Every structure is written in structure tokens, then in C-alpha cells.
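Encoded as C-alpha cells, the structure appears first; notes follow it.
Note that this is a predicted model, so its numbers are computed, not measured.
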Amino acid sequence: MICLASKSPGRLATLRAAGVDPLVRVSTVDEAAVLAALASSRVQEGRPAPGPAEQVQELALAKAGEVAARTLPTEAEVVVGCDSMLEIDGRAVGKPRTPERARECWLAMRGRSGVLHSGHALVRTEDGERALGVSSTVVRFGCPTLEEIDAYIATGEPLWCAGAFTIDGLGGAFIEGVDGDPHGVVGLSLPLLRRLLAGLGVRWTALWARD
């Protein structure tokens with residue numbers, strides 16, 4: 001069994017639809033503190049500020065590590081941590097959290113394309129061995145009207161989603177298409193996860209739930 005270190009219903013539904021029913025144990029990591037520490041370390045090292053792909057990888061690792069520290073090998077072989085951000089115009093767009101910020105995001109995104117980065121970090125509970133990877137998918141946004149944008153925001157769905165949208169929910173009607181792995185846009189790339197698990201000695205098909 002694997003443990004999903006996320007409260008995302010989209011990630012859980014993606015795994016279950018693929019035949020995997022994980023243990024779910026939500027991470028308590030302070031995301032802002034993790035990103036602040038990452039940025040500070042880059043400054044001290046004289047290196048460029050971390051980009052969105054690096055940020056989601058760091059957050060995914062922090063979440064997986066925190067949950068792995070309180071998960072026994074008898075409960076799950078591997079803990080899976082994930083995090084997602086949209087990159088548009090070279091800047092990262094995370095969860096808007098407020099209607100005002102969500103509206104700003106959509107006014108900037110409509111009719112354009114961005115890259116949704118989903119960081120994946122796996123930690124084997126027996127010995128702490130790790131496997132890391134990032135799924136990056138181009139998302140082509142439609143041109144919803146202002147009325148449609150406001151109606152979508154009023155549902156509350158985009159406030160807690162990276163980039164203020166979903167592809168597997170109400171926001172799907174505003175997405176014209178993707179170039180890359182659509183599962184990565186939901187926040188969990190199944191092909192990447194299968195490869196990372198294999199690197200830790202876990203066979204994907206062995207995880208399929210069977211009656």
C-alpha cells in the first residue's frame with residue numbers, strides 16, 4: 001500500500017480511478033515557511049531564486065517527509081507527496097485563496113497558455129529512500145466572459161486550486177486543451193508516479209485493489 005500525503009480530492013480520485021486505494025494522511029507542513037527557507041538558502045548560496053518547478057518539488061518533498069516520519073512500514077510502503085503551481089509569464093501562481101485574487105488570475109490567463117507544474121516526492125518508509133520528479137503540462141485556457149468568471153469564483157472551487165482552476169471539475173469547461181499529461185494537471189501524474197515507484201522497488205500493478 002502507498003500513503004497519499006494530500007487532502008486533494010482530485011489526487012485521491014485519480015488514484016482510485018487507476019485502481020489504487022491509498023492510505024490518506026494529510027501533511028501539516030507550513031508551505032510558506034518551506035518556500036521562505038528555500039529562497040533564503042538560494043540567496044546565501046548566491047544562486048538564482050527557485051522557479052515554480054523547483055518550488056513544487058521542494059514542497060512535495062517536505063510534505064512526503066513529514067508524513068513519512070509518522071507512518072510505519074506496516075501501514076504503507078511508500079509515502080507520496082505532491083504540490084502544484086501554474087507558471088505564466090515566468091511567475092508562479094499558487095492557490096489564490098481570495099475571490100479578488102482568483103479574478104485577477106483569470107483575467108490574466110484567459111485566452112492564453114500556462115504550464116502547470118506538479119512536484120512528486122516519494123519516501124520509502126522502511127529506510128527513507130527518496131524518489132523525486134516534476135510533471136509539467138501546458139494548459140490552454142479558453143476565454144470565459146466576466147460573468148462566467150464571477151460565477152465560477154462564486155462556487156468557491158478555484159480559491160484553493162493552483163492557478164485558480166481545475167480540469168476535472170467546474171473549471172473544465174474553461175480549458176481548451178492540454179499538451180502533456182492531463183493527470184499532471186489534476187496534480188498527480190500516473191505515468192511519473194509509476195516510474196518513481198519502480199525506482200523504489202514497488203510494482204504499480206501490485207497496488208491495484210482487488211476484491
Go through it in stages, so that I can follow the logic: the residues are Val123 and Glu129, the test is side chain to side chain contact (heavy atoms under 4.5 Å, CB included), and I'd like the CA-CA distance, side-chain angles, deciding distance and then a yes or no. CA-CA 6 Å; Val123 177; Glu129 184 70 20; over 6 Å; no
Please tell me if the side chains of Val185 and Thr166 come closer than 4.5 Å, counting only heavy atoms from C-beta onward. no
Taking Glu157 for the side chain and Leu170 for the main chain, is one N or O donor matched with an acceptor at less than 3.5 Å? yes
Would you confirm whether Trp204, through its side chain, and Ala198, through its main-chain N or O, come within 3.5 Å as a donor-acceptor pair? no
Validation row: Pro22, Leu12 side chains within 4.5 angstrom (heavy atoms): yes
Report yes or no: do Leu86 and Ile149 belong to one cluster of Ile/Leu/Val/Met/Phe/Trp/Tyr joined by side chain heavy-atom distances under 4.5 Å? yes
Give a yes or no on whether a salt bridge exists between Glu100 and Arg103, defined as a side-chain N under 4.0 angstrom from a carboxylate O. no
Donor on one side chain, acceptor on other, Ser6 and Arg11, under 3.5 Å: yes
Short side-chain donor-acceptor distance under 3.5 Å, His117 and Ser136: yes
Side chains of Arg97 and Leu159 in contact at under 4.5 Å (non-hydrogen atoms): no
Roughly how far, to the nearest 0.5 Å, is CD of Glu66 from CG of Leu61? 12.0 Å
Any chance you could measure Ile2, atom CD1, to Leu122, atom CG, to the nearest 0.5 Å? 7.5 Å
Can a salt bridge be assigned to the pair Glu45 and Arg47 using a cut-off of 4.0 Å between side-chain N and carboxylate O? yes
To the nearest 0.5 Å, what is the distance between CD on Glu126 and CG on Leu72? 12.5 Å
Mark yes when over 12 heavy atoms from residues, nucleotides or ligands other than Arg194 sit less than 6.0 Å from its CZ; otherwise mark no. no
If you measure only the distance, is there a donor-acceptor pair under 3.5 Å linking the side chains of Thr137 and Asp181? no
Measure the SG-CG distance between Cys161 and Leu116 for me, rounded to the nearest 0.5 Å. 10.5 Å
Just checking Glu75: does its CD atom have more than 12 heavy atoms from other residues, nucleotides or ligands closer to it than 6.0 angstrom? yes
Measuring from atom CZ of Phe141 to atom CD1 of Ile175, what distance do you get when rounded to the nearest 0.5 angstrom? 5.0 Å
Polar side chain donor-acceptor pair, Thr125 to Glu77, under 3.5 angstrom: no
Looking at Phe174 versus Tyr152, is the centre-to-centre ring distance below 6.0 Å? yes
Close side-chain approach of Leu190 to Leu15, heavy-atom, < 4.5 Å: yes
How long is the straight-line distance from CD of Gln55 back to CG of Leu38, given to the nearest 0.5 Å? 7.0 Å
Would you say the side chain of Cys3 lies within less than 4.5 Å of the side chain of Val67, judging by non-hydrogen atoms? yes
Indicate if Val93 and Val56 have the same hydrophobic cluster label, given that clusters are the connected sets of ILVMFWY residues with side-chain heavy-atom separations under 4.5 angstrom. no
